[in-house]
Every structure is written in structure tokens, then in C-alpha cells.
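For reference, the structure discussed in these notes is given below.
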Amino acid sequence: MDVSHILDNLNKPQRDAVSSAPQSLLVLAGAGSGKTRVLVHRIAWLLEVEKTSPFSILSVTFTNKAAKEMRGRIEELLTTPSTGMWVGTFHGLAHRLLRRHYEEAKLPQGFQILDSDDQLSMVRRIQKELSLDTKQWPPRKSQWFINKQKDQGIRSHSMEHKGDYTTRTLIAIYTAYEALCERSGVVDFAELLLRSLELIRDNAHIMQHYQQRFQHILVDEFQDTNELQYAWLQLLAGKKNLVFAVGDDDQSIYGWRGAKIENIQNFAQDFNEVKTVKLEQNYRSTSNILQAANALIANNKHRLGKNLWTEDKVGEPIKLYAAYNENEEATHVATEIQHWLTKGRQRDEIAILYRSNAQSRVFESTFIEKGIPYRVYGGLRFFERAEIKSALAYLRLTTNRDDDASFERSVNFPPRGIGDKTVSMIREYGKQNNLSLWQASKIMLQTNILKARAGNSLQSFITFINNIATEIQPMLLSQQVDFMIQQTKFIEYYSKKEGEEKGKNREENLEELVSAANSFEYRPDNEHANMSFLAAFLAHATLEAGEGENTDDEDCVQMMTMHSSKGLEFPRVFICGMEDGLFPHQNSLNEEGKLEEERRLCYVAITRAREQLTLCYAEQRRMHGSTLYGIPSQFINEIPDELIESIRAISKIKKKPILPIPKKRTANETGYAIGQKVSHSKFGSGTILDNEGAGAAARVQVNFETAGSKWLVLTYANLQKL
DNA sequence: ATATAGAATCTTTTT
DNA sequence: GATTCTATAT
């Protein structure tokens, strides 16, 4: 058997991983070390050398983009078609299981998926019904609590009467929320995973079927799995435990949303792993950039341990630019971009990375002024736009009348005289009698509970939906969507309400929705089993919210958060806002674990760069309306001096001396010892928790009795020793 | 039912 | 400073 097309062009460790005997394997793949390549080639190996049937392969990713890339590259490499192989995201595959076995999963056939916005409005409604003040109980926090429990596999009934008042209240919200979802026939994202886990766990024949079927499970970005996903994988893998996991503990940056870095550390014992392969040769960056990344990440404890190296040249030093303020930071970047362009390079080779989205604003206005085209990642995504969601809500109602979230969204939009009062009456009635809003409305109309005017409006809404549901029955999907948009008179409403121009934009989006429906591929034989064409499209809209922003073909500078840069690469990278408090973020400074995650984020950001990396910080920055004086990020210190070339702003409006980059922490140059009691004019009295820096950069962390703990720059804080 | 003013809040994000 | 939600008035 000629295996050369599978193994050629792979380095030694890559080849080891790809061609290893059937066994569980952990591939520790550093940034830019060719992890997708290894995954894809492994699949080819299994199919062509091990003669595994595509039916017995399950390949899981986190994002649709990764899944799509995986599918594309498998097809490219393979000589035979890979029909029957399951390749998809955790959520997508869980969804598929639930559709196939909706009865065992105790779901209605037409169940719908809630996105986080829908989920939030459901939580809001629950809290209103439970008369919980949104000030005391922020719905977002409740939503977060619910998802956190689900991500740990905990159902509300298993935690009754536990904990203090706060916890008990949150549990009550969780319980009511679960009941509401049940009644509405909807599942949220976390529910997809939890429900499918329970489905497999509690149905012996289903478990047996899938454990037998999936002989090989491959997982991408393993460091991002949460507890539930880990358990899900374990369950599907069964006793055989043939899991091929690819990940990088140094790139774990989603701990704050439940990802457990421990999962990659526990892999060996839980999956009877017999082999670990490290991919450390990097094919992306210059050696200077890699050395900087290696030195930085070496400051983290509890690593599995890896050191990236390259055969590439040393490359240019890392540039460090000290800007006077945030505007000057942006101006400098703009100047550098223009210089880059004069060398015949392109704008889309450049990425500007920052910690928080708000930082993009200054760059945007500077670039507009200088006429530099740019694209900001992470805007509103297509299927999340208000007009799209509203149109979809109508379509969802025709599929499942009990979908309360969609009912609420469409009942008075566009306005048809069903006001807040009427809707709350329906909610109340539904709650009393455990009915969906739709059913409640129907009974209320029959029993004449409502006033004539509201009743008439509600009746015409009910009739409207019923009629449409019948009328669209024979139509093609795109006609159904189009018909719905016509009947609801969205376009007329928007152009009247928001004027020609803005309304025009919405109209275009709605037209885009029709064409999205037109090009949607329906696969009832596998992926979309047990779903109508329309239901499949609706699920697709929620699970794959589509690209953010319309992708213009114009050559643009790319701007994004460091988080969203993961997985991408650019010849030229600027990491901006490198100031303590901004990056690492203020909220991460107090906990070692959080600080390490910030450092990993920095590692991710650095390793995006291929040729040239520039770090920027500003001494002065306007944030939340007031001016802050920052000190350079501690991460700058952690990069060896010899890799860095400093550039200083020659500021005309030089009001303050440029702050020196602080040396490694030296105790008590601040003059404040840890434990010293101090008082502050605004925050009152407190105790010094930590101190660092010297001279103008000296600052201390104070734990105030009433105001909590804060970092203060001594020059401005005016502390009194007590 | 909508418009406006004041208040609160202000990492990171995919599904 | 900017956005987003809430309360209040019209």
C-alpha cells in the first residue's frame, strides 16, 4: 500500500501521531505546528491504511469554521468519498443526535434552538413572573448561573433547597426556566449537550449503538473542552477509549466560560492514553517571535511543557512603542501601515490585536481620517440582526406554535395593537394553567376574557399564523421565507419607521435571508433526519449564526480582540494597549490562575505574527470618560530585552516624562510595605496588599474596607499612612 | 405606544 | 464617553 501521499511532507512527530497504532493519543500541538494537518492526515490514515469505515469516525471541533475547514481538507486529501463520517461541532453533533432520537430525548419533533439572546429574554420573563427585581438579580447573572450548572451536568431538581438565599433564588429561577423551555419545546446551547449526554447515558441501546459505531473519535482544540463536553466524549468513547485529542494547554484562553485546562492534563488517566506526541516545530513565525513567546509562557506554572522552534530565520527584533496616549498609539500604527504599503505589501497582511473591543474605536477614527480601509471582527452576525431574528421568529412559530420566545417576539411586531398589558395577561394565564402563550391565547379568546379591541387583534394574529402555516406548506423554502416577509410587511414598517436609508439596509438583509434560504442545502437522509426543510434551515440559522460583517473584497487592515485572533496568522501584528490593568486585565490581577490565562492570551497573540511583531502601550489613556495613567504591561518585562527594540514617541505635547519600563519587581521601592494601613480621600482606609514599580511607575494594591481592592499609582493617589 | 431623560455599567465569545 | 436599560411623561 502506498502511503506516501499521507506521510510525505510531515515531520517526524507529525508522522508518529498520524501513523500510530489504534490507541488513545494526545497530540500537544504548539501554535503554528500544523495541528489541523495532523488531524486530517490521521483521518486519511485510518481510512486508507487501517481500512476503517468512514461510518466509524467521529471528528469534533468547536467552531463551524474549523469543522468546515476540516471537511474541505479531508476531501482534498482523500481519493475516496468520506460519506457517513460525522464531522462537526460539539453542538452540531449533539443536535444531530437529539433529532435522530427526539422521542427518547423527550423532545417534540419540531423542537427549536434558543440562542443566547433568546435565552436571556426567557430568563427575564421568568424573573418577572417570580417578581424578582432585575437590579438585585441581574438576568445576565441568572443566565450565567443556569449555563454554568448545565455545563457541569447539574439539573435543577438535583440541587433543591441547597445553599444560601442567593443560591436558592437562582435555583428557583433555574427550575422555572427549565419548566418553561420544556413547555415551549425549545433547547438552549448547553441543553443540546446535556440532553444528548443524558440521551446516550439513559438509553442502553442508543449507547451501545454509538459506542460500537464510533471506533475513532478525533477532537480538535481539546484544551477548550468543558466538563460536559469531556463527559460527552468519555461516554461516546466507551471502554475502547480510542480518542485522538489535539490541543495546546498554552493556548487555553476560555477558562472564564467553563473550559477546563485540567481536561488536557487528565487525559492520560481518563482515556487510558498510551502516547503523547509533542509538535514543537513551528512553520509560521521567525525565531525572534518564537523566543519571545517561549520566554513569556515559561512564567506559567503547571504547564505540560513545550518549546517552539523553527528553521526559519532570526527575523527582525520585536518593536516596542511607547505612545504618549491612545490617539498617538493609533497614529503610530497608521504611520507604520503606510510605510508597510510603500514596500508593496498589503493591508490584509496586518492585524491589530487588543484586549477589549472598546479599543477599536480610536483606531477606527484614526484610520478613517487617514483613509486606511479596515475591517473590525466580531460585529453583529447575520442571523443575529434584529430584522432577521424577527422574520425567523414567525417561521419558527409556524413550525412550533408553543415556542414562547418566538411568540413574544412576533406577537406585536410590527405593532398590531397587542400591548404590554395584553401580553402580560396572556403570560399570567399561561403560567396559572401551565400553557404555552399560544395555547393560553386560544383559550382566552374562546372564553372572552380579553377586552374587545385587544381580543380582535390577538385573534387576527392567531389566524394570521395559522393561515400562513397552511399557505407555505407546498412552497419551496426560499418562497416560504419570501412569502413571510411580504405578509408581515416588515419592509413597509421599517422604511416608515426608520426612514428610507436605514430601512433600505434592513430590506437588503431580508433579501439576503431569502437568498440564504435559496442556497441552503437540505440533507434529510443524514444530517437533517427527522426535520422538515424549514426546520433544518431554522436550526442552521441558530447554530451557525453566519459571518460577522459583510466581507468586502477590499484589501483591509484586520482589527480584532486577541481572543478572536486564535487560529489565525498575519505577517505583521500589532498588539496594542499593553498596559497593566488593560492587559493583563484589572480583574485578572488578583488571582494567579486568571493571570496565567492572560499570559496564555498574550502567548496566543504573539504567535499570530509571522514576520514582524510590534507591541504598543500608552502612558495615558482615556477610558470610561476619565484619564488613566498606566504602566507598561508586566508581560513586556517577561520578554528578554535582547529581542526587543524600543521606539519612543517624540511627543510635542510632552507634559509628562516618558515612564520607564519597570524593572523586575523590587520590594519596597514604593515606600509602602505590605500590611501598611493607609487612607485615601475617596476610598477611605485600607491595607496594602501588594506593591511594585518605582518612581513615577510606583503603585500599590490597597484593600479598602468599603471600596474593595484597587491598584493605585502613588503619584496620583495621595495616600496617607496610618 | 412611543419619546426622552436619567442611571448604571463598562473583559474576553462560540454554539 | 458611549451604550444600554429603566422609569417616567406625553
Side-chain angles (χ1 to χ4, degrees), chain A residues 60-67 88-95 113-121 124 128 133-135 138-141 144 147 150-151 187-194 196 220-221 224-226 228-229 252-259 326 353-362 365 377-381 383-384 412-423 454 457 497 539-548 560-567 577 581-589 594 597-598 600-602 604-605 621-628:
Chain A
V60 197
T61 61
F62 274 86
T63 64
N64 291 300
K65 199 174 147 200
T89 63
F90 277 101
H91 292 86
L93 296 169
H95 176 235
I113 307 166
L114 291 181
D115 69 13
S116 357
D117 274 356
D118 299 331
Q119 186 185 34
L120 184 60
S121 24
R124 282 216 177 91
K128 213 169 262 171
D133 180 25
T134 48
K135 225 178 219 154
R140 274 184 198 285
K141 292 236 168 88
W144 182 80
N147 288 333
K150 289 194 181 188
D151 285 345
V187 293
D188 58 48
F189 288 133
E191 184 72 24
L192 286 170
L193 288 167
L194 180 52
S196 68
D220 191 14
E221 305 276 21
D224 288 341
T225 50
N226 63 27
L228 189 51
Q229 288 157 337
S252 162
I253 55 173
Y254 288 112
W256 52 274
R257 64 170 198 222
E326 76 279 5
L353 309 183
Y354 35 75
R355 179 62 235 258
S356 60
N357 288 114
Q359 284 169 258
S360 75
R361 263 198 54 247
V362 187
S365 52
Y377 278 66
L380 245 200
R381 306 174 22 172
F383 285 109
E384 286 168 358
N412 197 33
F413 186 86
R416 52 168 67 83
I418 306 173
D420 226 20
K421 219 171 75 201
T422 313
V423 178
S457 308
K497 181 80 197 303
H540 163 84
T542 316
L543 282 173
E544 304 178 36
E547 274 287 293
M560 68 195 81
T561 63
M562 300 184 212
H563 279 92
S564 35
S565 75
K566 195 170 106 181
L582 227 197
F583 184 49
H585 194 270
Q586 191 70 45
N587 302 357
S588 316
L589 288 171
K594 284 188 173 178
E597 182 154 309
E598 295 282 300
R600 292 194 291 269
L601 183 58
C602 190
V604 167
R621 182 180 296 273
R622 278 188 80 75
M623 261 182 89
H624 313 319
S626 53
T627 306
L628 299 177

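Proteins get letters first, then strands, A, B, ... in listed order; numbering begins at 1 in each. For clarity, every value in this text was computed on a predicted model and none was experimentally measured.
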Problem - Of the listed nucleotides B:dA1, B:dT13, B:dT14, the one nearest the side chain of A:Asn412 - result: B:dA1

Exercise for the section: Write down the distance between CE (A:Met623) and P (C:dA2), rounded to a whole number of angstrom. Expected result: 14 Å

Problem - Taking every non-hydrogen atom, the tightest pair across A:Leu543 and A:Phe189 - result: CD2-CE2, 4.0 Å

Fill in the blank from the handout: Checking B:dC10, B:dT12, B:dT2 against the side chain of A:His563 (C-beta onward), the nearest is B:dT12

Practice task
Assign A:Glu598 to base, sugar-phosphate, or nothing according to its heavy-atom contacts below 4.0 angstrom with the strands shown.
Solution key: base

Practice task
Taking only the side-chain nitrogens and oxygens of A:Arg361, find out if one of them lies under 4.0 Å from OP1 or OP2 of C:dG1.
Solution key: no

Practice task
Give a yes-or-no answer on whether the side chains of A:Arg416 and A:Ser457 include a donor-acceptor pair shorter than 3.5 Å.
Solution key: no

Fill in the blank from the handout: The answer to which of A:Lys594 and A:Ile418 contacts DNA chain B further toward the 5' end, by nearest nucleotide, is A:Ile418

Exercise for the section: Please determine, for the side chain of A:Asn587, which listed nucleotide (B:dT14, B:dT11, B:dA1) has the closest atom? Expected result: B:dT11

Exercise for the section: Would you mind classifying the nucleic acid contact of A:Thr542 as base, sugar-phosphate or nothing, using non-hydrogen atoms under 4.0 angstrom? Expected result: nothing

Practice task
Would you please confirm or rule out a distance under 4.0 Å between OP1 or OP2 of B:dT14 and any side-chain N or O of A:Thr63?
Solution key: no

Handout entry: Check ion pair A:Lys594-A:Glu597 (N to O, under 4.0 angstrom)
Key = no

Handout entry: Residue mapping more 5' on DNA chain B - nearest nucleotide basis, A:Arg355 or A:Lys421
Key = A:Lys421

Completion exercise
Per atom distances to the A:Arg124 side chain, the nearest of C:dG1, B:dT15, C:dC5 is C:dC5

Problem - Length of the CZ-P vector between A:Arg257 and B:dT11, whole Å - result: 17 Å

Handout entry: Nearest-neighbour nucleotide for the A:Tyr254 side chain, B:dT15, B:dT11, B:dT13 considered
Key = B:dT13

Handout entry: Ring centers of A:Phe62, A:His91 separated by less than 6.0 Å
Key = no

Practice task
Tell me yes or no: between the side chains of A:Gln359 and A:Ser356, is some donor less than 3.5 Å from an acceptor?
Solution key: yes

Exercise for the section: Nearest whole angstrom, please: distance from the C1' of B:dT2 to the CZ of A:Phe413. Expected result: 14 Å

Handout entry: A:Gln359 CD - B:dT12 P separation (whole Å)
Key = 9 Å

Exercise for the section: For A:Asn64, report the nucleic acid contact type (base, sugar-phosphate, nothing); a contact means any heavy atom under 4.0 Å. Expected result: sugar-phosphate

Handout entry: Aromatic-base stack, A:His585 on B:dT11, cutoff 5.5 Å, angle under 30
Key = yes

Exercise for the section: Give the nucleotide from the list B:dT13, B:dC10, B:dT15 with an atom nearest to the side chain of A:His624. Expected result: B:dC10

Problem - Verify stack between A:Phe62 ring and B:dT14 base, 5.5 Å, 30 degrees - result: no

Problem - N or O in side chain of A:Ser588 less than 4.0 angstrom from B:dT11 OP1/OP2 - result: no

Handout entry: Same-atom distance (C1') from B:dT14 to C:dT3, integer angstrom
Key = 23 Å

Exercise for the section: Return the value, rounded to whole Å, for the distance between atom CZ of A:Arg140 and atom C1' of B:dC10. Expected result: 12 Å

Problem - Selection from B:dT13, B:dT14, B:dT11 that lies nearest to any side-chain heavy atom of A:Asn357 - result: B:dT13

Practice task
Would you tell me whether A:Gln229 and A:Asp224 have side-chain atoms, one donor and one acceptor, within less than 3.5 Å of each other?
Solution key: no

Problem - Separation of B:dT11 P from A:Leu353 CG (nearest whole Å) - result: 19 Å

Handout entry: A:Lys150 with A:Glu191: basic N within carboxylate O range, under 4.0 Å
Key = yes

Handout entry: Rounded interatomic separation in angstrom, taking CH2 from A:Trp256 and C1' from B:dT11
Key = 8 Å

Handout entry: Heavy-atom donor-acceptor pair, A:Ser564 side-chain to B:dT12 base, under 3.5 Å
Key = no

Problem - Length of the line joining A:Asp151:CG and B:dT14:C1', which is rounded to integer Å - result: 12 Å

